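Note that the coordinates shown come from a computational prediction; the quantities given were computed from them, not determined experimentally. First the proteins, then the strands, lettered A, B, ... as listed; each starts at 1.
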Amino acid sequence: MAELSPALETARLILRGRPAELDAAEVALGFALPREACRSAGVSGRHALWLGPDEWLLLAPAAVADALTAMLEAATAQAPHALVDVSQRQIGLTLSGSDVEETLAAGCPLDLDLKAFPVGMCTRTVLAKAEIVLWRTDEATFHIEVWRSFSAYVRGILEVAGATVS
Amino acid sequence: MSTRYRSASGGRIDRGRPVRFTFDGRPYIGCAGDTLASALIANGVWLTGRSFKYHRPRGVLSAGSDEPNALVAVRRDEARCTPNLRATQVELYDGLAAVSQNRYPSLAFDLGVANNLMARFIPAGFYYKTFMWPAKAWDRLYEPAIRRAAGLGDAPTAADPDHYANRFAHCEVLVIGAGPAGLAAAMAAAKGGERVILVDEQVEVGGSLLDEPADGGTTIDEISARDWISQSLARLAAYPRVTVITRATAFGYFAHNMIGVIERLTDHLAAPPAGAPRERLWQIRARDVVLATGAIERPLVFPDNDRPGVVLAGAARTYLNRYGALPGKRVVVATGCDSAYAAALDLHHAGVKIAAIADVRRVPAGPLIEAARRAGLPIRFGCMITGTTGRLRVTGARFLVITEDGRAGLGETVACDAVLMSGGYTPSVHLFSQSRGKLAWDPDLQTYLPGVSAENERSAGACAGRFDLAGVLRDGEAAGSASIGVEPSRTFSVHAMAANPRGVLGALTHDRGPRAKAFVDWQNDVTTNDLKLAVREGFQSIEHVKRYTTTGMATDQGKTSNLNALAVVASALGRPIPQVGLTTFRMPYTPVTFGVLAGLARGDLFEPVRTTPIHGWAVAHGAVFEDVGQWKRARYFPRGGEDMDAAVRRECLAVRAAAGIFDATTLGKIEVVGPDAAEFMNRMYINAWTKLGVGQCRYGVLCRDDGFVMDDGVVGRIAADRFHVTTTTGGAARVLSMMEDYLQTEWPDLDVWLTSTTEQWAVIAVQGPKAREILAGLVDGVDLSREALPHMSLTHGVVAGVPARLFRVSFTGELGFEINVPADRGAQVWEAVWAAGQAHGLTAYGTETMHVLRAEKGFIIVGQETDGTATPDDVGLGWAIGKTKRDFVGKRSLARPAMSDPARKQLVGLATVDPARILEEGAQIVAEPGGTTPLTVIGHVTSAYFSANWDRSIALAMVSGGRARMGETLYSPSSTGDVPVQVVSPVFYDQAGEGVHG
Amino acid sequence: MQRFSAFQLFKQGLAGQAGWKPQWRSPEPKASYDAVIIGGGGHGLGAAYYLAKQHGLRNIAVVEKGWLGGGNTGRNTTIIRSNYLFGESAALYDHAVKLWEGLSRELNYNVMFSQRGVLTLAHNVHDVQVLGRHIHANRANGVDNEWLTPEEAKAFCPPLNIAANIRYPVLGGALQRRGGTARHDAVAWGYARAADALGVDILENCEVIGIRRGVGGAVEAVETTRGLIQTRKIGVSAAGHTSVVLDLAGVRLPLESYPLQALVSEPVKPVFPCVVMSNTIHAYISQSDKGELVIGAGTDIYTSYTQRGGLHISQHTLEAICELFPAFRRLKMLRNWGGIVDLTPDRSPIVGKTPVRGLYVNCGWGTGGFKATPGAAHTFAWTIAKDEPHPINAPFTLERFREGRLIDEAAAAAVAH
Amino acid sequence: MLLIACPYCGPRPELEFSHGGEAHIARPEAPADVGADDWGAYLYLRANARGLHAERWRHTHGCARFFNALRDTTTDKFLATYECGQPRPHLGEPS
Ligand SMILES: Cc1cc2nc3c(=O)[nH]c(=O)nc-3n(C[C@H](O)[C@H](O)[C@H](O)COP(=O)(O)OP(=O)(O)OC[C@H]3O[C@@H](n4cnc5c(N)ncnc54)[C@H](O)[C@@H]3O)c2cc1C
Ligand SMILES: NC(=O)c1ccc[n+]([C@@H]2O[C@H](COP(=O)([O-])OP(=O)(O)OC[C@H]3O[C@@H](n4cnc5c(N)ncnc54)[C@H](O)[C@@H]3O)[C@@H](O)[C@H]2O)c1
Ligand SMILES: Cc1cc2nc3c(=O)[nH]c(=O)nc-3n(C[C@H](O)[C@H](O)[C@H](O)COP(=O)(O)O)c2cc1C
Ligand SMILES: [Zn+2]
């Protein structure tokens, strides 16, 4: 049965802007923002998740939140963009185990097969009646981001789903 | 109990494992592997139910999901009682308790049978013609009586304790039906290495091959049909990406190749594991679909064809070969097609006496008929079955030989204890048709077949009109191969006896007079006479005939009957069948449990329960909550047995006298960021934003482009290019979506981006004259003074050790602050403020007090004062409009003449002449007392409370031309008479607005 | 017209029910009619009946592209009530309820109008306020509507779950006792038979494919799949297809056509004595005389003419049904279907004249026009006959959208805080 | 449940989308100059096409973008999806 656990405390920033004007942000981040739809990129605990053609979710260790924000704001001062701290807006959950796909499939209508949803893929989607961000971090592990007031619901769904798999 | 009708050997039941069960309380014994129907037949029980209308005794007709008659309720316990189950699909388990339905007092002696005696006076649609007088008698007399007589089983009365599962699935190829066609298709598709799902509604795969006798002649690739099934399963199991699901009915074919499948998980178990889901809904999205759903045997339509013991020939063969159950000891076979001979032969070999084979065809020929002749079976050609004898079970069959020139010859009755009948097979095109594929009439086969596809789908085997086994397998191989884009490669060598697939349609000729009842739709008691009556009464469309007679509308949806009904109607109309048309196939293929469609959504998971970081504190402090959208909001905090009025009164006084603390977290928040942020705000909101300085706030109003108020909220300017926008709790998603809409599609050139921050911040409102004092000790580096942080301003700072956006705003008319802190620190800051406030009389208040306090100030609530037809001016917000702005969303609409009609409803205050009298929200307002209905209504009360601070009742109202009526006395009609009210300013408290500046 | 009665039924019973005549003729279209009604649903057939009966127009035709009642009349959940918020609406729907009360006898056709009461549930404070406003407004308009506490609601509808700890507890409900249901098919057939008896030609399988306009733009004729028909007056009651039909005359309407689904359970013995609706958690349910639970689902989110929708829409409704009536969880869905409903921006109908002379429209009934059938048809016939609005349908003009005088029944129930 | 090809994310289930009504109804540049009839038409009149229909969707629970689609309302089949701002493609209709 798939295991559900809270993810580590994380800093979260939403970075928005025209892709062509965000080179400076990449320098500050230390890696290129994923420009391909529904893909993630990252180095050393920092990740950028493509959420839309002008929207990335940046994840970083909680401790570096302020520094990262300052660095990004400084680097992008000249480029029109929006950087908004959403560290507390949502929480992270990790779901892992041999039947993660089936467990999620109780409420998520996406094709979660490894071929259709490879490691590194990320996207906003729905889990039953809640919106989530789903990010596959390895074959048998998904990282889930969910707005905090929906987290009890998402946990509830995943628990029931886990109990009804196979 | 002996099982007298069990064959000596054979079948796929486990004869070594007896299973005890009861039917209507009587104990019986069956075998593991039996269905309830096969076990009852093996016990010689044929009477299983009563029909819907005439309460005629009925027995098992079929062996599958097409069963119209044998509906039973299965009862596990008080709460687990399921009505209307088909006995042919109920798997036997130890202790199974089944009961019959729609009879009183007992199945064998049913008073409802009176309807049968009345039958000639209550034909199809009789109720449209009578019960009209006297006027009130319909509701009181006739309808209750009709309702009591109608219906089938009893609905459960206790809540269902079982759980249901859901699974979204995806595959490249979905094969529906695991008969020879489906198995062949799945094996072919599996070769592609992609995901293949094979589903079948039966307990095991094999489809019609399961009906072959174990030692019968049919072989595929030189092995018996049964071995071939096992071999095929083993082959499929070797592919890791192939999934085979049995007890799984594809019930619906939805747009874009999504198929709904119900998998039955525990109903067949004597002791289901605790907590195991009862059924699972699969929603399968397939690139390609292969339909291999087979064909359904058609009954013959002749008088008294509904007597228990009259059974479909193919079903009889199934009962014998698959379940070792004998339909009788001396049987008559009535047929219009070859396949019934197979049943006759198998039964004959099992030692059953074949009393007669009556074939309506004049000169049929073929290997099966030849074999029957060789076996010495008594065959009569050109011989109609015209009736049956017996009461609760057949005792004989009547025949009529039709002479060469078509005249009725001699009649005769043959004794028997079962009648096997077959009119041929109707391909199962249900799912194909649901997919919106176009059916085509096949004049050869006399049936509808899949024509033009609408989805990426292929039909194979009997459902496509292919009935010879070799052809069926070839069809499956071809469909499976095509689904993965390859040429078919596998060939099959088949030894089977060929059968002419043609059958007969419609009513057989008979000599029984006009009143004889030849049933077409068994369950709904529709006879040929009913269908003809409908035609006689002018119902020419088959859709009308269906609705007038209810043919095809029962729980089997006409699986066995629709084509016969069509033929009867066509012949009555004198038109060819394809010109009469078809009724629409709709989901579900077989009835689907409500619970499994509801799935996981029950109890707390019915819908998300959204709570704020302060929820736990509120619970601990006895809050009473209200639902606002999905949120739980504290409504009031009763103390020591207070009711809501008392609590609210206390909370209201406390806020104005000292201070109150309120959880405003649920308000929507949007961060509007970018160089064009102010321009964007200018275009969206009615207000002007350019001049709003950084650190300042403004009350914003948002209209739709039709000029009506949609939402409101305080907006703070955090930086030149950054606004902190708040919305109503319920409007958060709507507002963001509307903003995104304009931004993305109308003004994509603007450099501004929107991010929801509703849940980033916990919002703690501290309101009241003592608010500053309470916070003073908690802030770090923030000057809370009136000068440094005036009303409608904001600052950043640290509150209770937590970085905060601190707003100086008020929805109460008092000195007020709204502390925004990161959500996970919300509870901590709340506690700190709470603790600091205790010395100052700080009181927690909820939404109800918030509503009263704002009403005292005349502040509107969108959705309470407004209802989607109010302009800003209507609700007294005309001042907020940026007069010099060239445009904003809604501006043009506000210029329409009707928007400035002086008769528009406007927001006013109402003061009841009796200060103790509280108006009712929603109460109407009239200008003159004592009117009679319909009254000339000029307005309505939007909010009404007792104001503790003013010690009288207050109300807000929308009144036609209200602002010009100040001082007038109006009336609010109520159950106790017209309540006089005076029109006053909507601002009841602190009209000068001093309080907020405190 | 061959009278229907118990006695006739008995007499025919003795004669093998052989003497019944067609309930309406199937005439060939004439070259010209004084008025042509497009759409053989309840509204169109009703308008033809009242034109003939009350306005003396006998040379009229109803043209129907398929079979009578095959549109929304034949696929609705048959809820009838008149407790609408705005005075204009209440007047219109209550006019209908009053006609319903005598309709079976008026038509000599049992339409099985059954006043079993319609209970609308409140699940939150806002609902309570909104229903409160409805009750007051209805009473002022002389329309019955009363508040029931949860316990009273339970007594009225025993299967209802009024536990306080469910996700959306029942806080009470507004009951209109005069509300109820009627047999949908019988309404179409009854009007057809009665209209036919007055000489109205009912032309089935006759699709309008063109509208011809002559001097001054006035209508001159309709082109149909069964030939050209001259006429000076055309009344359109084509529900979901109204914008398609009016397009033929060059008239655009504020309408969008959405799929709306409904479903029935297998028939069971009587368990549900009334009609229950819940807007908040989206469910409405009653039990038909045959025993099925008749359940209305929601509209799909996109416009469509396919008469079907997504499974998730029905699921959503069944979730709510199972929460409100947990004993029904084991019952089974027997059939699910869809209709095409024509929604206006304010969810109120459009009944009256169009910019084209001689062209009248009765549409925009959306998800709730069955209940209005007799009232709408009756006032529409008046408008067609006199070329002027009936006082009751006068507010429901097309112009109201241009002017912004919406009768916004939908927004009146908007939720916000 | 429809399967809708978001121009950014590819084919995705309908549950992730919201419908945005008819496409290519541009808000007038200067509403104040628009006459009453035209403004009324802009607000309320819709083609409600039976057949090919250009409409807006938003991939709300995905990339959150609005985009346009060409769909046949008699079959619910999509002929094309395309980004906002692009002209309506001419597919399946006489040119
Ligand atoms: C699932 C569902 C549930 C509903 N539930 C309720 C409810 O509980 N209560 C309620 O009051 N209302 C309900 N409604 C709404 C109600 O059904 C309709 O408002 C009402 O039936 C409309 O009647 P009508 O006669 O105007 O339209 P219809 O019955 O649809 O008749 C219009 C007719 O016009 C014909 N037509 C169209 N185009 C042409 C053409 N070109 N030429 C010739 N003929 C044409 C159509 O074939 C159709 O028969 C529901 C609707 C649906 C779909
Ligand atoms: N007149 C005749 O001679 C005659 C008539 C009928 C069948 N047959 C024989 O039947 C065979 C036809 O094979 P076939 O594979 O086409 O059909 P089949 O009947 O063998 O298999 C169809 C399978 O589909 C399943 N099914 C049907 N609807 C379903 C649904 N909605 N969901 C899930 N499962 C569903 C059934 O349970 C069955 O197992 C041939 O061997 C042919 O000889 C012959
Ligand atoms: C109130 C009502 C009750 C119905 N009851 C049944 C029923 O008992 N059995 C059935 O098969 N269909 C029933 N139907 C559905 C019709 O069979 C049919 O689906 C509906 O009229 C739409 O037509 P269509 O499915 O042919 O498009 C009912 C429909 C309505 C409106
Ligand atoms: Zn997308």
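With sequence neighbours excluded, the residues that form a side chain to side chain contact (heavy atoms under 4.5 Å, CB included) with C/His123 are C/Leu121, C/Asp127, C/Tyr168, C/Val170, C/Ser278, C/Thr280, C/Ile281, C/Leu324. Remark: C/Ala140 pairs with B/Gln924, B/Leu935, B/Val937 by the side chain to side chain contact (heavy atoms under 4.5 Å, CB included) rule, at least two apart or across chains.
Looking at B/Arg635, the atoms closer than 4.5 Å to chain C (heavy atoms on both sides) all sit in the side chain, from C-beta outward. Proximity to chain C (any heavy atom under 4.5 Å) is restricted, for B/Leu281, to the side chain, taken from C-beta onward. Of the two parts of B/His544, the backbone and the side chain both hold a non-hydrogen atom closer than 4.5 Å to a non-hydrogen atom of chain C. Interface remark: B/Arg547 contributes backbone and side-chain atoms alike to the contact with chain C (heavy atom separation under 4.5 Å). Both the backbone and the side chain of C/Asn108 have a heavy atom closer than 4.5 Å to some heavy atom of chain B. Contact of B/Ala79 with chain C is made through the backbone alone, with heavy-atom distances under 4.5 Å. Both the backbone and the side chain of C/Ala320 come within less than 4.5 Å of a heavy atom of chain B. Heavy atoms of B/Gln434 lying under 4.5 Å from chain C belong exclusively to its backbone. C/Ser26 touches chain B through its side chain: at least one heavy atom from C-beta onward sits under 4.5 Å away, while N, CA, C and O do not. Heavy atoms of C/Arg308 lying under 4.5 Å from chain B belong to its backbone as well as its side chain. With a 4.5 angstrom heavy-atom cutoff, C/Phe7 does not touch chain B via any of its atoms. Only the side chain of C/Arg183 comes within less than 4.5 Å of a heavy atom in chain B; its backbone stays farther off. For C/Leu14, the parts lying near chain B are the backbone and the side chain together; criterion is any non-hydrogen pair under 4.5 Å. Contact of C/Ile166 with chain B is not made at all, since no heavy-atom distance falls under 4.5 Å. If you measure heavy-atom distances from B/Thr550 to chain C, the contacts under 4.5 Å come from the side chain alone. Contact of C/Gln307 with chain B is made through backbone and side chain together, with heavy-atom distances under 4.5 Å. Interface residue C/Asp185: only side-chain heavy atoms are found under 4.5 Å from chain B. Within the 4.5 angstrom heavy-atom criterion, atoms from both the backbone and the side chain of C/Leu68 approach chain B. In this structure, chain C has a heavy atom under 4.5 Å from the backbone of B/Ala149, while its side chain stays farther away. No part of B/Ala119 comes within reach of chain C, as not one of its non-hydrogen atoms sits under 4.5 angstrom from that chain.
Classification of the B/Phe254-B/Phe251 ring pair by plane angle, with boundaries at 30° and 60°, yields perpendicular.
The main-chain N or O of C/Phe272 is found under 3.5 Å from a side-chain atom of C/Gln287 such that the two form a donor-acceptor pair. Using a distance-only test at 3.5 Å, with no hydrogens or angles considered, a donor-acceptor pair links the side chain of C/Glu409 to the main chain of C/Phe86.
Under the side chain to side chain donor-acceptor pair (under 3.5 Å) criterion, the residue pairs touching residues 12-23 of chain C are B/Glu537-C/Gln23, B/Tyr548-C/Gln23, C/Gln17-C/Trp20, C/Gln23-C/Tyr109, with sequence neighbours excluded.
Heavy-atom pairs under 4.5 Å with chain C peak, among B/Thr584, B/Asp706, B/Ile122, B/Thr942, at B/Thr584.
Closest approach of C/Ala186 to C/Asn110, counting heavy atoms only: CB-O, 3.7 Å.
Close approach to chain B, defined as a heavy atom under 4.5 Å from one of its heavy atoms, is seen in C/Leu311, C/Gln315, C/Leu318 of residues 311-318 of chain C, taken by number.
The aromatic ring centroids of C/Trp189 and B/Tyr128 lie less than 6.0 Å from each other.
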